[in-house]
Amino acid sequence: MQIEKDKKNLITYSEKLSEVLYDETHPFKPRRARVFTELLRRYSLFDERFDKIVEPLEIDENILYLFHEKEYIQALKRADSAFDLEVFWRGIGTDDNPIFKGMFDFSLGCVACTFTCFREIVLGNASFAFNPLGGFHHALKGHAMGFCYLNDVAVVGKYFQKLGKRFAILDMDAHHGNGIQEAFYEDKDVLTISIHESGVTLFPGTGSESEIGNGEGYGYNVNIPLAYGTDDETYLYAFESIVPPLIKTFSPDFLVVLVGADLHKDDPMSHLSITARGFKNALEKLDGLADKLVALGAGGYSISKSPALWAVAYSVFTKRKIVDQFAGVVGGMMYGPEVDLPFFLREENVENNASNKSMRLKAAEDVVNFIRKNVFPIFGIS
């Protein structure tokens, strides 16, 4: 993806949103967004000539009804002050989705961040936009789920779909994007691809390769479930076999990528074994597939490594070299949790069990063959 001199790369960010706490012990930390912006500056990835950070636009909550049920939105709004059985029945007030002050405003603000990215891309004001406070792909029409109260991708996607925009969604989060799947399962104007750890071993338990859409959307919902412990080599095989040919053939107006950092081998809430280098190599396979791109942060539960992976993604999408402008400076941590990005990109995984590696590769091959047999013909791919 080339930087256009007359267009700036866009980052939507709100300090207020980044300071929100679900609760002290909850694994989801919006503060990751702040660390991400700091890392961009530390590693010379933010250039004021070509990059700008903007606050999200204000949006009308009525946009939420393009996907979410009105009864659910009302339950979410009143949960701050009036807990009742319907609130709990809709998944609000659980360990995963606790009630906290400003919960609705936070969720609406994250939707607004994604809306701002889509809008600037569609208007032609940017060719690349990044929202680290986006990608809440588990929220369903009438139910909170998996740390997600409002599904920004579904809501905003439905809005711009009504304007006649065709886009592809690539969900790289380790968890299957079940809410996004629900939103576009019968649509042929939105191609959704989710590459994730198998639901056999990871929440939410969905995302089988056999879930390929319905009605007009048959073949336009693609899942690439991978086995527990899948490493770089197998991940890249599955990714390269399926993702580029489908997106290239679909030829979207723009591409939306959920760069979920929980695919990393050290993430505490998933079981893939992907290194930062493997992550970077996968993103590089997207080069040339779309002229315009929106990236969303999605999952990632290490407060240091998740923003580091997003910084790596930013370097790939803007074709910029990672340079530590503070290398050799004495003084400790200057930009939040210390992650040496060049060192991070040299990390390796050592597989000591050849049998396990072979089994994981065979599982990936079976998935790839299923998609080639059942989905590729729909797109005319031989």
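Quick caveat, the model's predicted, so the values are computed rather than measured.
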### Message
Quick check against the 3.5 Å criterion: does S273 have a side-chain atom that pairs as donor or acceptor with the backbone of K265?
### Response
no
Assess, by modelled atom type and distance only, whether the side chains of D171 and H137 contain a donor and an acceptor separated by less than 3.5 Å. yes
Output, in order, the C-alpha distance, side-chain angles, deciding distance and verdict of salt bridge (Lys or Arg N to Asp or Glu O under 4.0 Å) for R372 and E365.
CA-CA 10 Å; R372 283 174 171 165; E365 288 173 342; over 6 Å; no
Sub-4.5 Å side-chain heavy-atom contact between S306 and D262: no
Margin query: Under a 3.5 Å threshold, yes or no: a donor from one side chain and an acceptor from the other, between N221 and T192?
Written below: yes
Is the gap between the ring centers of H138 and F203 under 6.0 Å?
yes
Side-chain donor-acceptor pair present, S18, Y13, cut-off under 3.5 Å:
yes
Next on the checklist: Evaluate Y314 against D51 for side chain to side chain donor-acceptor pair (under 3.5 Å), listing each step before the verdict.
Outcome noted: CA-CA 11 Å; Y314 199 87; D51 305 274; 2.4 Å; yes
### Message
Looking at D60, I want to see if its CG is surrounded by more than 12 non-hydrogen atoms of other residues, nucleotides or ligands under 6.0 Å.
### Response
yes
| request: Look at the side-chain heavy atoms of Ile, Leu, Val, Met, Phe, Trp and Tyr, link any pair under 4.5 Å apart, and say whether L150 and V294 land in one connected group. | output: yes
Donor + acceptor pair across side chains of N223, H176 (<3.5 Å):
yes
### Enclosure of F88 CZ (heavy-atom neighbours >12, cutoff 6.0 Å)
no
query = Is any side-chain N of the basic residue among R90 and D84 closer than 4.0 Å to the acidic one's carboxylate O?
reply = no
S302 and P268 have their tightest heavy-atom pair at N-CD, 4.4 Å
Strictly distance-based, threshold 3.5 Å: is any side-chain N or O of H196 a donor or acceptor partner for the main-chain N or O of G177? no
Are E38 and R34 within salt-bridge range, i.e. N to O under 4.0 Å? yes
- Output yes when a side-chain donor or acceptor of D173 lies under 3.5 Å from a complementary backbone atom of G260, and no otherwise. no
Self-check item: Test: E48 and K8 ion pair at under 4.0 Å
Solution: no
L293 and I121 have their tightest heavy-atom pair at O-CD1, 3.7 Å
Test item: L21 and H26 side chains (from C-beta on) under 4.5 Å apart, heavy atoms
no
(request) Answer yes when K319 and D287 have at least one side-chain N-carboxylate O distance shorter than 4.0 Å, and no when they do not. (result) yes
Discussion item. For K357, I'd like to know if atom NZ has over 12 heavy atoms of other residues, nucleotides or ligands within 6.0 Å.
Written reply: yes
Without hydrogens or angle criteria, can the side chains of H264 and E347 be said to hold a donor-acceptor pair below 3.5 Å? yes
* **S315 (side chain) donor-acceptor with V312 (main chain) under 3.5 angstrom** => yes
- Quick check, are the ring centers of F317 and F130 under 6.0 angstrom apart? no
*Checking K165 against F160: charged group under 6.0 Å from the ring centre and within 45 degrees of the axis?*
no
Original post:
Got more than 12 heavy atoms from elsewhere within 6.0 Å of CD, E58?
Top reply: no
So, the side chain of N62 versus the backbone of Y65: is there a donor-acceptor pair under 3.5 Å, distance only?
-> no
Below 4.0 angstrom, N of the basic side chain to O of the carboxylate: do R42 and D324 qualify? yes
**Q.** Side-chain ion pair, E240 and K285, N-O less than 4.0 Å
**A.** yes
Do F147 and Y301 have ring centres separated by under 6.0 Å? yes
Flag for N9-T318: side-chain donor and acceptor within less than 3.5 Å
no
**Prompt:** Going only through I, L, V, M, F, W and Y residues with side-chain contacts under 4.5 Å, is there a path from I73 to Y159?
**Reply:** yes
**Request:** Would you please indicate yes or no on a ring centroid separation below 6.0 angstrom for F379 and Y220?
**Result:** yes
Does R166 count as lying over the ring of F250, i.e. NZ or CZ under 6.0 Å from the six-ring centre, within 45 degrees of the axis?
yes
#### Entry: Distance-only polar pair, side chains of T201 and E197, donor-acceptor under 3.5 Å
yes
Within 6.0 Å of CG in L163, more than 12 heavy atoms from elsewhere = yes
Residues L272 and A174: closest non-hydrogen pair is CD1-CB, 4.2 Å
- E216 CD: over 12 foreign heavy atoms closer than 6.0 Å: no
Quiz item: Are any of the side-chain nitrogens in D266 or K305 under 4.0 Å away from the carboxylate oxygens of its partner?
Solution: yes
- Item | Proximity of F136 and F28 rings by center, below 6.0 Å | yes
Within-4.5 Å side-chain heavy-atom neighbours: F100 and F106 | yes
Side chains of D23 and T25, donor plus acceptor under 3.5 Å
yes
message: For T275 and D232, which I'm curious about, is there any donor-acceptor pair between the side chains at under 3.5 Å?
response: yes
